[in-house]
Amino acid sequence: MGKTAAGETAAQASAKTSAKAPAGKKAAAPKKAAAKRTAAKTTAAAPKAVKAAAAKTPAAKAPARKPESRAAMIRRARRINRELAEVYPYAHPELDFTNPFELLVATVLSAQTTDLRVNQTTPALFALCPTPEDMAAMDPERLEELIRPAGFFRAKTKSLLGLSAALRDRFGGEVPGRLEDLVSLPGVGRKTANVVLGNAFGVPGITVDTHFGRLARRFGWTTQEDPEKVEADVAEIFPKSEWTMLSHRVVFHGRRVCHSRKPACGACPIAPLCPSYGEGETDPEKAKKLLKYEMGGQPGQRLRPPADYPGRPAAPLAAR
């Protein structure tokens with residue numbers, strides 16, 4: 001067979017030429033496959049990257065509330081009061097009492113404890129001390145034992161003996177119906193005076209306890225922490241005629257729904273009006289389990305609740 005100038009046969013040269021051509025196409029194939037694999041990985045990773053980026057952007061957060069004018073806040077506050085009146089038409093002071101003296105004593109005892117514990121303590125106390133004269137004459141140690149279940153019994157005994165003696169000596173054994181007179185009694189502050197005035201004398205007053213102060217801030221009615229400043233702010237929002245019942249409704253809501261640590265936002269009847277919605281449990285079923293007293297199917301705080309109270313009375317101390 002003849003050879004080429006390079007000493008190769010024509011057949012060998014042809015075979016080499018033929019082998020080179022497919023080799024070029026085969027070399028391109030791996031590159032295309034690698035490119036496809038890279039594209040596939042990029043596509044698969046894209047959603048994760050987008051989610052991660054979205055989580056870091058402000059758009060992923062809940063939109064900020066628009067600034068509220070004072071006029072709008074007052075309208076919203078008064079609507080909250082109206083709706084709470086529909087939810088709690090039976091709102092009332094949750095201390096058992098039959099006269100101003102019993103209410104005054106029960107309110108002094110309620111400091112740093114529950115109204116329930118006070119209501120379980122006062123029947124025996126009032127049986128022995130129905131009047132200021134009787135209480136002022138009590139042996140301190142005996143009085144301490146009677147009120148021990150209400151806690152802080154030594155300090156409260158001192159207050160009860162002091163205010164009873166003052167009522168006997170300065171007010172003829174009667175509870176005065178003026179704020180300035182009430183706050184002059186030992187152990188009686190503005191909150192206690194407003195409770196007595198509003199519920200024993202019909203004099204409007206705002207009772208700023210821990211529940212009222214907490215909800216007033218959550219509702220955006222005030223930013224103050226001091227009870228007297230909270231009272232002043234809220235007094236400017238509502239007409240005086242509403243003050244006493246407003247206090248009961250807000251306290252009722254704070255004890256039953258809008259708790260301090262875990263409010264039941266998902267079961268709150270005024271959630272659409274609350275700028276603090278979402279601070280607590282928002283799932284409706286989980287939130288229902290957080291409701292207390294008659295809202296949660298449990299006994300109330302009073303042993304002798306009003307006739308229109310829809311829940312069950314509390315049990316006496318001996319039954320607990």
Side-chain angles (χ1 to χ4, degrees), residues 80-81 83-127 146-151 156 191-192 194-196 198-200 205-216 218 243-270 280-281 286-320:
I80 286 175
N81 183 38
E83 296 206 8
L84 287 179
E86 293 181 6
V87 176
Y88 307 108
Y90 51 86
H92 58 269
E94 293 190 272
L95 291 168
D96 285 329
F97 70 97
T98 60
N99 57 56
F101 177 63
E102 288 186 357
L103 178 57
L104 176 60
V105 170
T107 307
V108 169
L109 289 176
S110 70
Q112 304 297 317
T113 191
T114 65
D115 286 357
L116 170 61
R117 183 59 72 183
V118 174
N119 292 334
Q120 292 172 331
T121 302
T122 52
L125 175 64
F126 294 148
L146 285 170
I147 68 171
R148 182 183 291 269
K156 291 177 181 179
K191 183 195 82 171
T192 297
N194 278 332
V195 170
V196 174
N199 298 286
I206 296 172
T207 303
V208 183
D209 66 358
T210 55
H211 302 288
F212 191 98
R214 179 178 73 252
L215 267 64
R218 282 181 176 169
W243 288 357
T244 299
M245 287 309 301
L246 170 72
S247 299
H248 292 323
R249 292 164 191 154
V250 172
V251 170
F252 255 59
H253 194 61
R255 286 174 172 167
R256 287 151 178 77
V257 180
C258 196
H259 314 306
S260 177
R261 295 185 180 178
K262 199 170 184 181
C265 294
C268 180
I270 59 167
E281 179 59 65
K286 292 180 181 178
K288 284 181 184 178
K289 296 178 182 179
L290 300 174
L291 300 178
K292 294 183 178 179
Y293 301 110
E294 77 284 353
M295 299 288 279
Q298 303 158 7
Q301 298 203 83
R302 292 187 69 165
L303 278 63
R304 303 189 307 273
D308 63 343
Y309 180 66
R312 291 177 287 153
L317 186 63
R320 292 267 165 169

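What you see is a predicted model, and the numbers here were worked out from it, not measured in a lab. Scope of the values below: all heavy atoms of this structure, side chains included, with no hydrogens, waters or symmetry mates.
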Practice problem: For residues Ala287 and Ala264, report the shortest heavy-atom separation together with the two atoms involved. | Solution: O-CB, 3.5 Å
Quiz item: Stepwise, does the side chain to side chain contact (heavy atoms under 4.5 Å, CB included) test hold for Val257 with Met295?
Solution: CA-CA 8 Å; Val257 180; Met295 299 288 279; 4.1 Å; yes
Practice problem: Could you tell me the separation between the OG1 atom of Thr210 and the CD atom of Gln112, rounded to the nearest 0.5 Å? | Solution: 8.5 Å
Exercise. Determine, stepwise, if the pair Lys289 / Lys286 fulfils side chain to side chain contact (heavy atoms under 4.5 Å, CB included).
Key: CA-CA 5 Å; Lys289 296 178 182 179; Lys286 292 180 181 178; 5.6 Å; no
Practice problem: Taking the side chain as every heavy atom from C-beta outward, state whether Thr113 and Lys156 have any pair of such atoms under 4.5 Å apart. | Solution: yes
Exercise. Kindly indicate whether the side chain of Arg214, heavy atoms from C-beta on, has any atom under 4.5 Å from the side chain of Ser260.
Key: yes
Quiz item: Got a salt bridge between Arg255 and Glu94, using NZ or NE/NH1/NH2 to carboxylate O under 4.0 Å?
Solution: yes
Quiz prompt | Derivation of the side chain to side chain contact (heavy atoms under 4.5 Å, CB included) call for Leu95 and Thr122 | solution = CA-CA 10 Å; Leu95 291 168; Thr122 52; over 6 Å; no
Quiz item: In chain order, what residues pass the side chain to side chain contact (heavy atoms under 4.5 Å, CB included) check against Ser247, with sequence neighbours excluded?
Solution: Ile206, Thr207, Phe212
Self-check item: Minimum-distance pair of heavy atoms, taken over all atoms of Pro299 and Pro313
Solution: CB-O, 3.6 Å
Exercise. With the side chain counted from C-beta on, respond yes when Cys258 and His211 share a heavy-atom pair under 4.5 Å apart, and no when they do not.
Key: no
Self-check item: Nearest-0.5 Å distance that lies between atom CG in Asp115 and atom CD in Gln301
Solution: 5.0 Å
Quiz item: How far apart are the closest heavy atoms of Ala267 and Lys288, and which atoms are they?
Solution: CB-N, 4.1 Å
Quiz item: Can you find a heavy atom in the side chain of Arg218 that is under 4.5 Å from one in the side chain of Pro263?
Solution: yes
Self-check item: Nearest heavy-atom neighbours spanning Pro269 and Glu83
Solution: O-OE1, 3.9 Å
Quiz item: Would you call the rings of Phe252 and Tyr88 parallel, tilted or perpendicular, where under 30° means parallel and over 60° means perpendicular?
Solution: perpendicular
Practice problem: Start with the C-alpha gap between Lys292 and His259, add the side-chain angles, then the distance that decides, and say whether side chain to side chain contact (heavy atoms under 4.5 Å, CB included) holds. | Solution: CA-CA 9 Å; Lys292 294 183 178 179; His259 314 306; 3.8 Å; yes
Self-check item: SG-CD1 distance between Cys265 and Ile270, expressed to the nearest 0.5 angstrom
Solution: 10.0 Å
Quiz item: So do Leu215 and His253 actually touch side chain to side chain, heavy atoms under 4.5 Å?
Solution: yes
Quiz item: How far does OG1 of Thr121 sit from CG of Leu146, to the nearest 0.5 angstrom?
Solution: 9.5 Å
Quiz item: What pairs meet the salt bridge (charged side-chain N to carboxylate O under 4.0 Å, His left out) rule with one or both residues in residues 295-313, with sequence neighbours excluded?
Solution: Asp96-Arg302
Practice problem: Looking only at non-hydrogen atoms, find the nearest pair between Tyr309 and Gly300 and report the distance. | Solution: OH-CA, 3.2 Å
Quiz prompt | Distance in Å, His92 NE2 paired with Arg249 CZ, rounded so as to fall on 0.5 Å steps | solution = 13.5 Å
Quiz item: CG/Asn119 to CG/Leu303 distance, rounded to the nearest 0.5 angstrom?
Solution: 6.0 Å
Quiz prompt | Within-4.5 Å side-chain heavy-atom neighbours: Val105 and Phe126 | solution = yes
Quiz prompt | For the student: nearest non-hydrogen atoms of Arg117 and Ala150, plus distance | solution = CG-CA, 4.0 Å
